[in-house]
J.: 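Provided herewith is a single structure, encoded as structure tokens, for subsequent inquiry.
Quick caveat, the model's predicted, so the values are computed rather than measured.
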Amino acid sequence: MTPTAAVPQPRATYRRLSVEERRAQLLLAALGLFAHRAPDEVSLDDVAVAAGVSRPLVYRYFPGGRQQLYEAALGSAADELKLCFTEPPEGPPTERVARVLDRYLRFVDEHDTGFSALLRGGSVVETSRTTTIVDGVRRAAADEILRHLGRIGGAGEGEQPAGPRLRMMVRSWIAAVEAASLIWLDDGKRPSAAELRGWLVDHLIALLAATAATDPETASVVSDLLALETAGGPAGQLAERVIPVVAEAAHLLPAAAASD
């Protein structure tokens with residue numbers, strides 16, 4: 001009986017990664033580690049194991065060691081975070097901001113430990129460069145929110161930049177969003193992300209109203225925004241809840257005081 005010839009098995013194909021692909025692979029592995037562990041607790045060995053490569057290979061791409069790798073990973077995360085605030089200028093402004101916050105809180109949820117360590121600072125890998133990266137995210141976020149409010153954060157040709165009061169108000173709100181996110185993580189992500197998002201949108205509307213009371217530019221912005229809002233949107237729902245509360249303060253108005 002003639003033995004049956006062994007059928008040759010196809011060899012597994014191996015494709016060498018390009019420099020850009022390998023770097024992206026290492027950054028992805030590092031981001032996964034930094035998302036749930038403080039930067040101080042992540043070593044190059046950890047990154048090598050997560051990426052399935054050797055430690056020397058990690059050093060070849062990041063000769064500056066963990067510091068260089070962390071800054072590169074942070075820059076990549078910053079780019080992703082900036083995209084959270086990018087929203088087409090369509091529909092009521094408060095609904096746009098709600099969608100922005102949904103993406104932002106999803107990012108916070110997925111990068112909880114790393115996000116907390118990043119914003120609280122105090123890491124041994126924190127430098128002026130990492131601080132600059134984080135501040136760049138804050139400024140980019142403020143500029144995007146100002147665009148949704150009908151103002152441009154910068155002052156390019158043909159653009160209408162925001163005045164100092166309005167810009168300060170928006171940057172203060174961005175700081176409040178950061179603080180609320182950290183508290184949310186500390187409290188076990190309670191209340192739900194949807195509830196937190198709703199409260200943060202209400203917070204922005206309240207800040208706009210308070211600033212509009214003494215700043216003509218913000219008053220003009222609020223007037224334009226209200227014309228775009230709907231009764232069922234965040235602004236309409238907040239007005240329905242707040243007006244009865246504000247009515248309790250009618251006796252504080254000058255006309256009411258004069259009639260007493």
Side-chain angles (χ1 to χ4, degrees), residues 80-110 115 119 137-153 160-163 165-250:
E80 184 180 346
L81 193 51
K82 288 175 184 177
L83 289 177
C84 291
F85 287 87
T86 303
E87 177 72 20
E90 302 169 357
T94 57
E95 293 182 19
R96 294 181 227 155
V97 173
R99 290 192 291 270
V100 163
L101 287 172
D102 279 337
R103 289 193 294 270
Y104 174 82
L105 292 174
R106 192 177 306 119
F107 181 94
V108 173
D109 183 31
E110 294 172 355
F115 180 88
L119 291 187
V137 174
R138 292 169 178 148
R139 292 179 182 277
D143 286 346
E144 288 299 324
I145 294 301
L146 285 167
R147 286 187 176 91
H148 294 308
L149 298 179
R151 290 294 185 273
I152 303 298
Q160 185 174 6
R165 290 285 302 281
L166 180 59
R167 186 164 183 82
M168 180 182 292
M169 187 228 79
V170 169
R171 293 191 65 183
S172 297
W173 180 74
I174 294 294
V177 170
E178 281 188 12
S181 301
L182 292 173
I183 295 169
W184 185 60
L185 293 177
D186 284 345
D187 288 349
K189 300 178 183 177
R190 296 188 302 270
S192 69
E195 289 181 82
L196 177 58
R197 177 253 293 148
W199 181 76
L200 289 171
V201 174
D202 288 349
H203 187 188
L204 176 61
I205 297 170
L207 282 173
L208 281 166
T211 308
T214 54
D215 180 52
E217 181 199 10
T218 306
S220 175
V221 166
V222 169
S223 178
D224 291 342
L225 292 180
L226 289 177
L228 301 174
E229 295 293 327
T230 64
Q237 293 177 15
L238 181 61
E240 183 179 5
R241 296 193 303 270
V242 168
I243 288 175
V245 177
V246 175
E248 297 294 327

J.: Rounded to the nearest 0.5 Å, what separates atom CG in L204 from atom CH2 in W199?
T.: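 L204 CG to W199 CH2: 11.5 Å, rounded to 0.5 Å.
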J.: Please report the shortest heavy-atom distance between A212 and T218, naming the atom on each side.
T.: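 Closest approach of A212 to T218, heavy atoms only: N-CG2, 3.7 Å.
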J.: Are L166 and T211 side-chain neighbours, meaning at least one heavy-atom pair lies under 4.5 Å?
T.: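 No, every pair of side-chain atoms sits at 4.5 Å or beyond.
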J.: Measure across P244 and A239 and return the closest heavy-atom pair with its distance rounded to 0.1 Å.
T.: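 Of all heavy-atom pairs spanning P244 and A239, the closest is CD-O, 4.4 Å.
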J.: Answer yes or no: is there a side-chain heavy-atom contact under 4.5 Å between D215 and M169?
T.: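 Counting from C-beta outward, D215 and M169 never come under 4.5 Å.
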J.: Under the rule for side chain to side chain contact (heavy atoms under 4.5 Å, CB included), what residues qualify as partners of R190, not counting sequence neighbours?
T.: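 Here no residue qualifies.
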J.: Determine the minimum heavy-atom distance between I205 and A235, stating which atoms define it.
T.: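 Answer, listing the atom of I205 first, then A235: CD1-CA, 3.8 Å.
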J.: For the residue pair R103 and T86, confirm or rule out a side-chain donor-acceptor distance under 3.5 Å.
T.: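 No, T86 and R103 have no side-chain donor paired with an acceptor closer than 3.5 Å.
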J.: Mind running side-chain contact (heavy atoms from CB on, under 4.5 Å) on Y104 and L200 for me, showing each step along the way?
T.: CA-CA 12 Å; Y104 174 82; L200 289 171; 6.0 Å; no
J.: Considering non-hydrogen atoms only, spot the tightest contact between P93 and E229 and give its length.
T.: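 Of all heavy-atom pairs spanning P93 and E229, the closest is CD-OE2, 3.1 Å.
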J.: Please tell me if the side chains of L208 and L149 come closer than 4.5 Å, counting only heavy atoms from C-beta onward.
T.: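 Contact flag for L208/L149 side chains = yes.
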J.: Check for a donor-acceptor pair, side chain of S181 on one end and backbone N or O of V177 on the other, with a separation under 3.5 Å.
T.: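 Checked: pair present.
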J.: In sequence, state the C-alpha distance, the side-chain angles, and the governing distance for V108 and K189, and then conclude on side-chain contact (heavy atoms from CB on, under 4.5 Å).
T.: CA-CA 10 Å; V108 173; K189 300 178 183 177; over 6 Å; no
J.: Which atoms form the tightest heavy-atom contact between L105 and A193, and what is the distance?
T.: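 Closest pair (atom of L105, atom of A193, distance): CD1-O, 3.5 Å.
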J.: Nearest 0.5 angstrom please: E95 CD to H148 NE2, how far?
T.: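 The CD atom of E95 sits 12.5 Å away from the NE2 atom of H148.
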J.: Could you please spell out the steps behind the side-chain contact (heavy atoms from CB on, under 4.5 Å) verdict for E144 and V97?
T.: CA-CA 10 Å; E144 288 299 324; V97 173; over 6 Å; no
J.: Donor-acceptor check, side chain of E87 to backbone of R96, threshold 3.5 angstrom: yes or no?
T.: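 Here the side-chain-to-backbone pair does not exist.
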J.: Might you point out which heavy atoms bring P161 and R151 nearest each other, and give the distance in Å?
T.: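 Heavy atoms of P161 and R151 come nearest at O-CD, 4.0 Å.
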J.: Crowded around R99 CZ? As in, over 12 foreign heavy atoms under 6.0 Å?
T.: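 Above 12, so yes.
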J.: With no hydrogens and no angle check, is any side-chain donor or acceptor of S220 less than 3.5 Å from a backbone partner on P216?
T.: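 Looks like no, no N/O pair under 3.5 Å.
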J.: Nearest 0.5 Å, please: how far is CG in L238 from CD1 in I243?
T.: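 The distance works out to 9.0 Å.
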J.: For the CG atom of D102 and the CG atom of L196, what is their distance to the nearest 0.5 Å?
T.: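 One gets 10.0 Å once the value is rounded to the nearest 0.5 Å.
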J.: As a test of understanding, state which of R167, R171, R138 forms a side chain to side chain donor-acceptor pair (under 3.5 Å) with D143.
T.: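 With D143 as partner, R167, R171, R138 yield a single side chain to side chain donor-acceptor pair (under 3.5 Å), made by R167.
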